[in-house]
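Naming: A, B, ... by sequence-line order, numbering from 1 per chain.
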Amino acid sequence: MKHTIKELEDIASQIRRDIVRMVHGCQSGHPGASLGCADFFTALYFEVLNHKTDFTMEGAGEDLFFLSNGHISPVWYSTLAHAGYFDKSELATFRKLDSRLQGHPTTHEHLPGIRIASGSLGQGLSVAIGAALAKKLNGDKSHIFALLGDGELQEGQNWEAAMFAPFNKVDHLIASIDYNGQQIDGPTSKVLALDSLQAKFEAFGWHVINTDGNDMQAIVEGLHYAKTLTGKGKPILNLMSTQMGAGVDYMMGTHKWHGTAPNDEQLAAALAQLPETLGDY
Amino acid sequence: MKKYTYTEKKDTRSGFGAGLHEAGKKNENVVALCADLVGSLKMDAFIKDFPERFTQVGIAEANMIGIAAGMTIGGKIPFTGTFANFSTGRVYDQIRQSVAYSNKNVKICASHAGLTLGEDGATHQILEDIGLMKMLPGMVVINPCDYNQTKAATMAIAEYEGPVYLRFGRPVIPVFTDPDQKFEIGKAWMVNEGTDVTIIATGHMVWKAIEAGEKLAELGIDAEIINIHTIKPLDDEAILKSVKKTGCVVTCEEHNKFGGLGESVARLLTTELPTPQEFVATNDTFGESGTPDQLMSKYGLDAVNIVEAVQKVIGRKK
């Protein structure tokens, strides 16, 4: 471990503060699933990922991460800033004119850490597979990580990719599903039920593991364990339970904070629950 | 009228296959992907020599575009292959976000474009693809005219950094361009110098334009014929220079008149040099089943249609 669990939890707390402040600052964006994934991003970038912050597009010899559900950009931007990819003061520009921190992540403004645009859903798993195939051709045994939303699995392209990866033994790929059970119009169970994701992915030939995405110890161990499963002929799927809005009580357990910004009063209530640990931007 | 002859007829898709094989030999970063149409795209030679650099994705074009975009991150130069309809309309958003907006070095290679796909009918005969692709910021759009030019274009785009749409077709047509030509992206080819009218043609319509030029010569009309193989970026300079001389223009393409080469030329001329123009193109219609020759005739894409358009546009000159 590079950090203690307490240290990682402190980082996640700061990232959560950043998320609500960023979304409040521009009165737009997606706080719910960003908060839900703060522990995952912290574990990934501060503990699991073998990466360099002097960014190159290719990332030769490094683990690469792809975010498919691009709307949770606030959690990624804050993580990248605290990991050292760019100065955290830039978080104040989120979703504002001339910013590198676009509403959805993009390579267009050359923000370090981003390798593909995402936002239009369902495309990230295919891209991650492509990056994995290129690494294999290059003799680079690093890992490819991807994060997908659960509602996003309603997009058909995911299932094209899900069929492709096991058949082609893309086995340095670890895809995590942010399994929070919520989407814009309501619970996934009411909009278009996902049902038995484990059985579905296993039927396609994935090695599926389950983690609690809001338990730092569990997510760190889960991702390390996922790494030990790679190189054995199967892609790995991390079915990661999370709470949308995790860390801010009034945002938890509902789809209503998927894409809504807090007002001043709500911001204060959220920040009161999230200790400032690394210094606000 | 300069005399063009040919000794054989070949399909432009075979030019693509040959060019891909050559590009693969030259650069080990060239990789190919196909969505269950290896034979139609003539990828066999590449696959035989570089099996580890070929990815069969199955009938899953969206996944193919995404995988290709991802492979560029590792320094690969992916050539995706399927029919033009499935290369563009079916995967427009994947191309838009993962390739064009992300500025990935993917070469989208599209066979069986236009009416000349023939008997399969309108579901497969896309006549809107040039428009779809040219509207994407940063996308290069190329529609070569015969086997040799397609081969040269395929090799050239491997050396160009950035997203490219390469459009070619199914039928065998005359091979009349230089087998050793150097293909320059964005540079028009002067097929025939003339003074009375500028005929601008792309793809399969270039040979038809040559046939039309010969007929026009018999009628005493001296046609300048320009091959625009690169629809975007357009060779503004070559077009303006020609039109300044001739004073009228006919554009020819196997594509809907909405969104195609003709509109690109009209946009240029209306801002720089307003000029009478006629369009030889399909008229906001889907195709249908038939032989390629029958379809080109029925939908007004024959040499005779070019001749008629020339006569009309010359009549409109002031």
Check: Which of parallel (below 30°), tilted (30 to 60°) and perpendicular (above 60°) describes A/Phe41 and A/Phe65?
Finding: perpendicular
Checklist line | chain A contact via B/Val31 - which portion, at a heavy-atom distance below 4.5 Å | finding: side chain
Next item on the list: Taking atom NZ of B/Lys25 as the centre, report whether more than 12 heavy atoms of other residues, nucleotides or ligands fall under 6.0 Å from it.
Entry: yes
Checklist line | B/Lys26 with B/Glu159: basic N within carboxylate O range, under 4.0 Å | finding: yes
Check: Counting heavy-atom pairs under 4.5 Å to chain A, which of B/Asp93, B/Ile59, B/Val99, B/Ile67 comes out on top?
Finding: B/Ile67
Note to self: If you compare all heavy atoms of B/Ala35 against all heavy atoms of B/Val57, which two are closest, and at what distance to 0.1 Å?
What the structure shows: CA-CG2, 3.8 Å
Note to self: Please identify, among B/Lys76, B/Lys104, B/Gln97, the residue contributing the most non-hydrogen atom pairs under 4.5 Å to chain A.
What the structure shows: B/Gln97
Checklist line | Region of B/Glu28 in contact with chain A, defined by heavy-atom distances below 4.5 Å | finding: neither
Notebook entry, point to check: Is it the side chain or the backbone of A/Glu109 that comes within 4.5 Å of chain B heavy atoms, both, or neither?
Noted result: side chain
Notebook entry, point to check: Of the backbone (N, CA, C, O) and the side chain (C-beta and beyond), which part of A/Thr107 lies under 4.5 Å from a heavy atom of chain B, both, or neither?
Noted result: side chain
Check: Do you know which two heavy atoms are closest between B/Thr80 and B/Ala68, and how far apart they sit?
Finding: CG2-CB, 3.6 Å
Next item on the list: Give, as side chain, backbone, both or neither, the part of B/Thr72 having an atom under 4.5 angstrom from any heavy atom of chain A.
Entry: neither
Item checked: Option that, when pairs with chain B are counted at under 4.5 Å, heavy atom only, ranks first among A/Ala128, A/Gly119, A/Ser118 -> A/Ser118
Next item on the list: Using a cut-off of under 4.5 Å on heavy-atom pairs, state which of A/Leu137, A/Leu133, A/Leu64 scores highest against chain B.
Entry: A/Leu137
Next item on the list: Measure distances from A/Phe66 to the heavy atoms of chain B and classify the residue's part below 4.5 Å as side chain, backbone, both or neither.
Entry: side chain
Check: What is the distance from atom NE2 of B/His229 to atom CD of B/Gln149, rounded to the nearest 0.5 Å?
Finding: 5.0 Å
Notebook entry, point to check: B/Phe86 vs B/Phe83 aromatic rings, parallel, tilted or perpendicular, using cut-offs 30° and 60°?
Noted result: parallel
